[in-house]
2 protein chains.
Amino acid sequence: MRLVSWNVNGIRAAVRNGFWSWLEDDGPDILCLQETRIQPEQLTPKMHKPPGYHALWHAGERRGYSGVATLSRERPGSAREGFGQPRFDVEGRTLLTRHRSFTLLNVYFPNGGRGYERVLFKIDFYDALLAYCGQLRSAGERLVVCGDFNTSHQPIDLARPKENEKTSGFLPEEREALSRWLDAGFVDVYRQLHPDKREYTWWTYRFDARARDIGWRLDYFLLTEDLLPDVRDARILGDVQGSDHCPIALELDL
Amino acid sequence: MRLVSWNVNGIRAAVRNGFWSWLEDDGPDILCLQETRIQPEQLTPKMHKPPGYHALWHAGERRGYSGVATLSRERPGSAREGFGQPRFDVEGRTLLTRHRSFTLLNVYFPNGGRGYERVLFKIDFYDALLAYCGQLRSAGERLVVCGDFNTSHQPIDLARPKENEKTSGFLPEEREALSRWLDAGFVDVYRQLHPDKREYTWWTYRFDARARDIGWRLDYFLLTEDLLPDVRDARILGDVQGSDHCPIALELDL
DNA sequence: CTTATTAAG
DNA sequence: CTTATTAAG
């Protein structure tokens with residue numbers, strides 16, 4: 001089966017930019033969207049019921065901000081919006097769905113770009129969600145955590161590591177927060193499969209960055225080790241337009 | 001000499017839409033702009049000193065809202081922003097300049113479209129400014145008052161009079177406020193010269209109204225009677241694009 | 001519908 | 001630079 005994760009930076013803008021025809025072409029079994037930036041009452045009928053999919057949309061309180069959605073060909077066994085911490089959940093950042101052979105966590109991690117208080121919030125979010133994942137794993141669940149982590153982990157994960165050591169997205173403390181996920185047993189599948197590849201998943205809209213490939217790898221599939229035997233491929237779909245992020249894909253033998 | 005008045009609905013948008021080349025082509029001696037929607041610190045050098053003109057810009061307190069500007073080839077003898085009533089003056093709606101043979105009042109009258117309290121404000125503004133003009137006339141000044149009056153005076157002044165009797169812009173009480181100016185001796189020069197012409201100066205951006213000429217005459221040159229002998233022509237420049245209003249022109253033998 | 005704004009990214 | 005918002009017109 002094929003999973004895709006994509007920060008669409010506004011589902012309505014993505015729709016203007018060809019989202020539906022892309023979805024028809026790619027046809028993933030599960031699609032995780034981040035930064036949908038839409039409230040339930042603003043959803044079009046097609047968003048509510050995309051042809052061939054079950055859809056769950058989770059919005060934050062603030063209009064036009066954050067939000068995630070999970071689309072799946074098979075109806076999820078169960079689902080949860082947020083993870084039980086109001087100060088994070090009100091921002092509409094996580095959606096948990098249970099599928100035949102794993103549990104999926106679709107996550108839009110906070111951006112730390114507007115002041116250090118948001119960096120602290122982001123790191124708290126990283127740690128709180130990791131603790132929640134610990135509970136799920138203790139209960140025997142196999143986990144796929146995907147989405148926009150808003151952090152490049154290593155120098156290979158962004159075009160300009162040196163220049164960005166003091167920029168949110170590549171701060172030491174953010175990288176360490178992500179390291180704690182890996183130390184806890186989560187595997188960054190793309191990097192595992194392609195140890196030396198320099199490919200990015202986000203480019204600023206400024207300075208013609210995407211054409212020049214001055215980007216960052218901010219989007220990941222993190223898997224618990226028990227799922228690794230089922231991994232067939234993990235790829236970055238760098239040609240797909242319609243957002244400042246591109247989608248990433250995971251193929252599982254399930 | 002040639003005077004032009006134009007509600008540009010955002011000078012920056014007008015500049016994007018060819019304002020400077022229009023100005024060079026038309027070359028009025030005096031240009032009155034309304035709804036400039038710009039703060040002093042946002043003016044470009046060219047706006048600050050348009051080639052061949054002296055320029056005065058008067059902004060309201062609120063960013064992106066209201067504002068007027070008067071450009072003149074000859075430096076005005078004197079000038080005044082507002083007319084001494086803070087509750088009107090803070091909105092940046094009037095600019096008085098004194099020229100060789102008349103005093104010019106460039107006015108952006110309030111729009112009454114957002115609730116009846118703004119209709120009342122608009123009517124108060126009409127009356128307060130008329131009283132101020134009375135003072136100027138008592139002091140012997142010959143007056144040209146021009147700008148966006150935000151009111152169509154008679155049924156001939158809008159495409160759909162019947163349908164708009166309860167719409168701000170053609171409310172009986174607004175039309176009466178404008179009538180008080182005419183009763184006080186101001187002359188609507190365009191209508192004086194063209195008693196039966198149906199031409200408009202504003203069209204909503206919606207419904208393709210301009211292409212269908214579903215418009216309103218909202219912009220006027222009002223003159224004190226002592227200036228009438230010097231009037232050569234008054235016209236509506238309906239072909240000029242770049243705003244939801246078109247400019248209006250007055251030719252004087254001065 | 002369009003302009004300009006403000007908040008975010 | 002781009003998305004979405006809100007206030008105005």
Side-chain angles (χ1 to χ4, degrees), chain A residues 7-17 19 34-39 42 59-67 91-93 108-115 117-119 121-122 148 150-151 167-169 202-212 214 216 218-219 241-245, chain B residues 7-17 19 34-39 42 59-67 91-93 108-115 117-119 121-122 148 150-151 167-169 202-212 214 216 218-219 241-245:
Chain A
N7 176 322
V8 288
N9 189 23
I11 185 62
R12 286 166 289 182
V15 163
R16 283 197 300 275
N17 292 320
F19 174 81
Q34 301 89 38
E35 265 202 286
T36 47
R37 303 174 69 168
I38 193 166
Q39 296 297 123
Q42 298 173 304
E61 285 179 350
R62 179 173 189 158
R63 294 174 69 82
Y65 181 69
S66 192
E91 293 195 1
R93 297 185 172 278
Y108 174 47
F109 287 82
N111 184 304
R114 293 277 151 165
E117 74 196 318
R118 289 300 286 180
V119 172
F121 180 85
K122 175 181 179 177
D148 174 5
N150 259 314
T151 303
T167 307
S168 176
W202 176 81
W203 305 261
T204 175
Y205 277 124
R206 304 180 227 189
F207 324 123
D208 207 21
R210 190 158 184 176
R212 298 158 65 202
I214 314 294
W216 301 53
L218 301 178
D219 301 85
Q241 304 290 328
S243 165
D244 51 350
H245 292 249
Chain B
N7 177 322
V8 288
N9 190 22
I11 184 62
R12 286 166 289 182
V15 163
R16 284 198 298 275
N17 293 320
F19 175 82
Q34 302 89 38
E35 266 204 285
T36 47
R37 303 175 69 167
I38 192 166
Q39 296 298 121
Q42 298 174 303
E61 285 179 348
R62 178 172 189 159
R63 294 174 69 82
Y65 180 70
S66 192
E91 293 195 2
R93 295 184 174 278
Y108 173 47
F109 286 80
N111 184 304
R114 294 278 150 166
E117 75 197 320
R118 288 302 284 181
V119 173
F121 180 85
K122 175 180 179 178
D148 174 6
N150 258 314
T151 302
T167 307
S168 176
W202 176 81
W203 305 261
T204 176
Y205 277 124
R206 306 179 225 187
F207 323 123
D208 207 20
R210 191 159 183 175
R212 298 158 64 203
I214 314 293
W216 303 53
L218 300 178
D219 301 85
Q241 304 289 328
S243 165
D244 50 352
H245 291 249

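So you know, we letter chains A, B, ... as the sequences are listed, proteins then strands, and number each from 1.
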Minimum-distance pair of heavy atoms, taken over all atoms of B:Asn111 and B:Arg118: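 Looking at all heavy atoms of both residues, the shortest contact is O-CB, 3.8 Å.
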
Show the nearest heavy-atom pair for residues B:Thr36 and B:Val8, with the distance to one decimal.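 Minimum heavy-atom contact is CA-CG2, 4.2 Å.
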
Taking protein heavy atoms under 4.0 Å as touching, what does nucleotides 3-9 of chain C look like 5' to 3' if B marks base contact, S marks sugar-phosphate-only contact and - marks none? BSSSSBB

Would you find a donor on one side and an acceptor on the other, under 3.5 Å apart, between the side chain of [X] and the backbone of [Y]?
| X | Y | value |
| --- | --- | --- |
| A:Gln34 | A:Asn7 | yes |
| B:Tyr205 | B:Asp244 | yes |
| B:Arg37 | B:Gly64 | yes |

Using atom CH2 of A:Trp203 as one end and atom C1' of D:dT2 as the other, report the distance to the nearest whole Å.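 Interatomic distance, CH2 of A:Trp203 to C1' of D:dT2: 16 Å.
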
Side-chain heavy atoms of A:Asn17 within contact of A:Gln241, under 4.5 Å: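 A:Asn17 vs A:Gln241: side chains apart.
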
Would you check if A:Thr151 and A:Trp216 make a side-chain contact, meaning some heavy-atom pair closer than 4.5 Å?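 They are not in side-chain contact.
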
Residue list, side-chain contact (heavy atoms from CB on, under 4.5 Å) with A:Thr204, at least two apart or on another chain: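 Per chain and number, A:Thr204 pairs via side-chain contact (heavy atoms from CB on, under 4.5 Å) with A:Trp202, A:Arg206, A:Phe207, A:Ala209.
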
Represent DNA chain C in dot-bracket notation, 5' to 3'. Only Watson-Crick or G-U wobble pairs with both distances under 3.5 Å count; pseudoknot-style crossings use [ ] and interstrand partners use |. ||||.||||

